Amino acid sequence: MRFLLALITLLGSNSVTAFAPINHRQTQQINTALAAKGGRLTVRPIGIGSSAPSTVITNADLESVHDTSDEWIRTRTGIEQRRVLVHDGTRKVLGSDGVETETPETLRTLGIEAAKNALEMAGKVPSDIDLVICATSSPDDLFGDAPSIASAIGIEAGKCVAFDLTAACSGFLFGIVTASQFLTNGASQNALVLGADALTRWVDWDDRNSCILFGDGAGAMVLTRSDENEGLSGSEDGFGILGYAMHSNGGGYQDLNCIYKGEPKKISTPGEGTIVEDGSYESMGMNGRKVYSFATREVPTVLEEALEQAGISVDDVDHLLLHQANIRIMETVAQRLGMPMEKVITNLYKYGNTSAASIPLALDEAVRSGRVKKGDVIACAGFGAGLSWGAAILKWG
């Protein structure tokens, strides 16, 4: 019942978020653009974790696959290598008994490892978590990975709600905003939000322009509900999400998609039979120039919207963390915001574009290295298929 009330509040309360059509530059007669935005929420991000496949494909490796070079890829994308899930892949896992065993390496197992790492940093145990959201467009299970990940990390059946959320490369950002609504509304106390994708399964490896871009991985964040001024001191005020803005425009879906492809299959029903379909998907399709134009146009704007909701300026931001798609996009967005590249968090060169996993993968490294410290303000933005894009202003810890 608490989750039902929270969902009704999420969809209907102007005090927390507002959903409304917006004007958007497009040629379609029907307005397909939507927006949601809001201000400070009493939640705190307190743990982060990540995991990536053990197999590495470097730019040099791809020189034997395509007419390309390390220099060509690096200068156009900023990527030097990517991690990929391989067929029947395994990895060594250290058990509680101190013995290493070979276990399957799948998107789900990456998510499990990332979740455990996030819980450990947060100082939480599985029984503390009552909401799990897995942002993914490429789950191991078409019906969703979140429930099985929740079970695998030790959350008791019936003690939490777990579901997948699909918003492509914007998924993790949309996921933490969604989880924060449940926390703020009082339906949940602690949430685990994952971003996990394996888009190398869906790229066309015969296409030089797209296969160089993507990698696989998983990241996870623990968010906790915090009442204002509850046991806090100094500059702490209980607000961990200072502002957010999210948008989508289905009119641009043709620029970045992975379309259903059904093969005919005849079954022998009475009469002439019935032709049904064996399901599959096309390889991912992308209009690179249009996606670049979309990202460099909309991302600075949505970050400014989120900053306005937060009541702060660019000068108050300690770090800029964008979806790790292309270094040129990051440079352009930073320039348009008037932020130096020294404030930009990126590990794109090591992982490539990992879709919903890219923001938590980069944040995990930044927190564990000591670059991001408690109380730091991080401006985050995701963008991708849908088309979808959004930003959130986080205060770490």
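Atoms considered below: every heavy atom in the structure, side chains included; atoms not considered: hydrogens, waters and symmetry mates. Just so it is clear, the model here is predicted, and its values are computed rather than measured.
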Peer 1: Is there a chain of hydrophobic side chains (I, L, V, M, F, W, Y, each step under 4.5 Å between heavy atoms) that links Leu199 to Val65?
Peer 2: yes
Peer 1: Salt-bridge test for Asp140 and Arg201: reply yes if a basic N is under 4.0 Å from a carboxylate O, no otherwise.
Peer 2: yes
Peer 1: Crowded around Glu308 CD? As in, over 12 foreign heavy atoms under 6.0 Å?
Peer 2: no
Peer 1: For the atom pair CZ (Phe174) and SG (Cys169), what is the distance rounded to the nearest 0.5 Å?
Peer 2: 11.0 Å
Peer 1: Looking only at side-chain N and O atoms, does Thr77 offer a donor or acceptor that is under 3.5 Å from a partner on Asn326?
Peer 2: no
Peer 1: For Ser313, enumerate each residue passing the side-chain hydrogen bond (donor to acceptor under 3.5 Å, both in side chains) test, keeping only those at least two apart in sequence or located in another chain.
Peer 2: Asp316
Peer 1: Drop me the distance from Leu361's CG to Ser355's OG, to the nearest 0.5 angstrom.
Peer 2: 11.0 Å
Peer 1: Just verifying a value: how many Å separate Asp61 CG and His66 NE2, rounded to the nearest 0.5 Å?
Peer 2: 12.5 Å
Peer 1: With rounding to the nearest 0.5 angstrom, report the OG to CD1 distance, Ser293 to Ile329.
Peer 2: 10.0 Å
Peer 1: Answer yes when Glu263 and Lys265 have at least one side-chain N-carboxylate O distance shorter than 4.0 Å, and no when they do not.
Peer 2: no
Peer 1: Counting only heavy atoms not in Gln335, do more than 12 sit closer than 6.0 Å to its CD atom?
Peer 2: no
Peer 1: Are Arg297 and Trp389 in a cation-pi contact, defined as NZ or CZ under 6.0 Å from the six-membered ring centre and within 45° of the axis?
Peer 2: no
Peer 1: Among Asn59, Thr55, Thr200, exactly one meets side-chain hydrogen bond (donor to acceptor under 3.5 Å, both in side chains) together with Arg82. Which residue is that?
Peer 2: Asn59
Peer 1: Mind checking the CZ-CD1 spacing from Arg371 to Ile345? Nearest 0.5 Å is all I need.
Peer 2: 5.0 Å
Peer 1: When rounded to the nearest 0.5 angstrom, what distance separates CG in Leu192 from NZ in Lys124?
Peer 2: 12.5 Å
Peer 1: Please work out whether the ring planes of Trp202 and Tyr281 are parallel, tilted or perpendicular, with thresholds of 30° and 60°.
Peer 2: perpendicular
Peer 1: Would you please name every residue forming a side-chain hydrogen bond (donor to acceptor under 3.5 Å, both in side chains) with Asp207, sequence neighbours left out?
Peer 2: Ser210
